[in-house]
There are 2 protein chains.
Amino acid sequence: MAPNLNANKAEVSYLPQPALNRIANMGIFDTSCEGHQILEKIANKWTILIIYALTQGKKRYSDLKQQIVGISPKMLVQNLRSLERSGLIERKVFPTVPPRVDYSLTALGASLAEPLAILGEWAYQHIPDVNKAAKQYDNSPESKGFWEPK
Amino acid sequence: MAPNLNANKAEVSYLPQPALNRIANMGIFDTSCEGHQILEKIANKWTILIIYALTQGKKRYSDLKQQIVGISPKMLVQNLRSLERSGLIERKVFPTVPPRVDYSLTALGASLAEPLAILGEWAYQHIPDVNKAAKQYDNSPESKGFWEPK
DNA sequence: CTGAATCCAGGCGGATACTG
DNA sequence: CAGTATCCGCCTGGATTCAG
C-alpha cells in the first residue's frame, strides 16, 4: 500500500491499480503458496456455480442438482465437500426420513460470492466482444494449422 | 434492475446486492449459455495466472514460462492461444533471429484483470480463515470415512 | 432423498525430443 | 527463442448402481 511506484513500467498504464500490485509479488505464481492453492480451488466451474446457486439462499441437495444443469452427483458432492471443508458452505442434516440436507453459505462463503459475481457479470457483459474476437481470429492467417485449444 | 424485492427470501440477507440478482437468472447454470462458456474458459488456474503476469506489462514467451512456475510449454501455448482467440491478449511476432514474441493484454483482457485481481486478493486475505475451517473440519465427526476431495 | 461405490473413457497436462 | 509434435500416465468427471 506504500506508494512505491517504481519507474520500471513505462508503456503499460492499463493496470487496475489497487489489487494487482500486491498480488503479483506475493508468490501467486508458485504452486506451494497457500494463496495459489486457494485460488486454484475456487477457480473452477462447478465451485463457482454452486456458490452462485447458494447465494440465492439455502438449498437442498436435489435443488442444487436440478439447478446446476448437467452436474453429476459425484461432482456435486465432491465440490460440496470441498467447499464445506474450506469453510465456505455449511451442511445441515435433518435426521428425518426421507433424509433432508440443507446447504448454505457461511459468512466466509458469502464474502466470496461478491468477487465471483463480478466475474460472472464480466462474462455476460463481454459475450459480444469475445465472439467478435473469435470470428476475427478464425479469419486471420495465423489460425491455420493450429490445434484448436479447447 | 427494477427493485422487485420479492418477499420469498426470509432468512438470508447476506447476498451482495448488485451483481448476483442479474446473474442467477440469466442461464449461467446452463452449459449451452455463452456466458457459462466464457466463465468456464476464464475460470481456470493457468488462464488466471497468465492474465496476472501480463497485467505487469507485455512479456515474452520465455518470461511467462519462467514466471508461472511449473507450467509446461504445452499448457502455456495452449492457454495463450485460447486467450488470444478470445481477444484477451495480443500476440506480436518479431521476424528476427532468434525469434521474439511479445504477449500483452488487450483492452478486453485488461478489463478482466480487475475482477481476477479481486478474486486473487480474496484468496490471500482468507488464507487463515480457510485453514482454520479445514482444521475444524478434520476434527469433526463427519470427516471420518469421507473420500478426500482433492 | 442423499448420497456412496464402482466402473470406465476421455482428456488434461507433464516430459521429452525436435524444428525454423 | 518460441514453439510443435508425440507419447502417455493419470486423474477428472460422467454413468450407473446401490444403500441408509
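Hydrogens, waters and symmetry mates are skipped; everything else that's a heavy atom, side chains included, is used. The chains referred to below are lettered A, B, ... by the order of the sequence lines, with proteins before strands, and numbering in each begins at 1.
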Verify whether one side chain among B/Lys41 and B/Thr47 offers a donor that lies under 3.5 Å from an acceptor in the other. no
d(CD, B/Glu40; C1', C/dG11) in whole Å: 13 Å
Got a list of protein N/O to nucleotides 9-11 of chain D N/O distances below 3.5 Å?
none

Audit row: A/Ser86, B/Tyr137, side chain to side chain contact (heavy atoms under 4.5 Å, CB included) steps and yes/no: CA-CA 8 Å; A/Ser86 301; B/Tyr137 183 86; over 6 Å; no
Can a side chain N or O of B/Tyr103 be found less than 4.0 Å away from OP1 or OP2 on D/dC1? no
Between D/dC1, C/dG3, D/dT4, spot the one nearest the side chain of A/Arg91, thanks. C/dG3
Would one find more than 12 heavy atoms of other residues, nucleotides or ligands at under 6.0 Å from atom CD of A/Gln66? no
Grab the CG-C1' distance between A/Leu64 and C/dC1 for me, whole Å please. 13 Å
Taking CG from B/Leu80 and C1' from D/dT4, how many angstroms apart are they, rounded to a whole number? 14 Å
To 10°, what angle do the rotation axes through the five end pairs on each side of the helix from C/dC1-D/dG20 to C/dG20-D/dC1 form? 50°
Using the test side-chain hydrogen bond (donor to acceptor under 3.5 Å, both in side chains), find all partners of B/Asp63 that sit at least two apart in sequence or belong to another chain. none
Distance alone, cut at 3.5 Å: any donor-acceptor contact between the side chains of B/Asn131 and A/Glu34? yes
Is there a side-chain polar atom (N or O) of B/Arg81 under 4.0 Å from OP1 or OP2 of D/dA2? no
Assess the side chains of A/Lys92 and A/Ser104: does a donor N or O sit below 3.5 Å from an acceptor N or O? no
Among B/Leu80, B/Ile50, B/Leu54, B/Leu83, find the residue that satisfies the side chain to side chain contact (heavy atoms under 4.5 Å, CB included) test when tested with B/Leu88. B/Leu83
Below 4.0 angstrom from OP1 or OP2 of C/dT2, is there any side-chain N or O of A/Arg60? yes
Readout for nucleotides 13-20 of chain D: B = base within 4.0 Å of protein heavy atom, S = sugar-phosphate only, - = neither; 5' to 3' it is BB-B---B
Once ring pair (Phe, Tyr, Trp, His ring centres under 6.0 Å) is applied, do any residues pair with A/Trp122, and if so which ones, sequence neighbours excluded? A/His126
Atom NZ of B/Lys41 and atom P of C/dC12 are separated, to the nearest Å, by 13 Å
Atom-pair distance (CZ on B/Phe94; P on D/dG3), nearest Å: 12 Å
Using 0.5 Å steps for rounding, measure from the CD atom of B/Glu84 to the OG1 atom of B/Thr106. 10.5 Å
Roughly, in whole Å, what's the span from NZ in A/Lys65 to P in C/dT2? 11 Å
By salt bridge (charged side-chain N to carboxylate O under 4.0 Å, His left out) - contacts of B/Asp30 (at least two apart): none
Let me know the distance between OH of B/Tyr61 and C1' of C/dT19, rounded to the nearest Å. 14 Å
Are A/Ser62 and C/dT2 close enough that a side-chain N or O sits under 4.0 Å from OP1 or OP2? yes
Output yes when A/Asp138 and B/Arg85 qualify as a salt bridge under the 4.0 Å nitrogen-oxygen rule, no when they do not. yes
If I compare all heavy atoms of B/Leu119 with all of B/Tyr52, which pair ends up nearest, and what's the gap? C-OH, 4.4 Å
A/Asn44 has an atom CG; how far is it from atom C1' of D/dT12, in whole Å? 11 Å
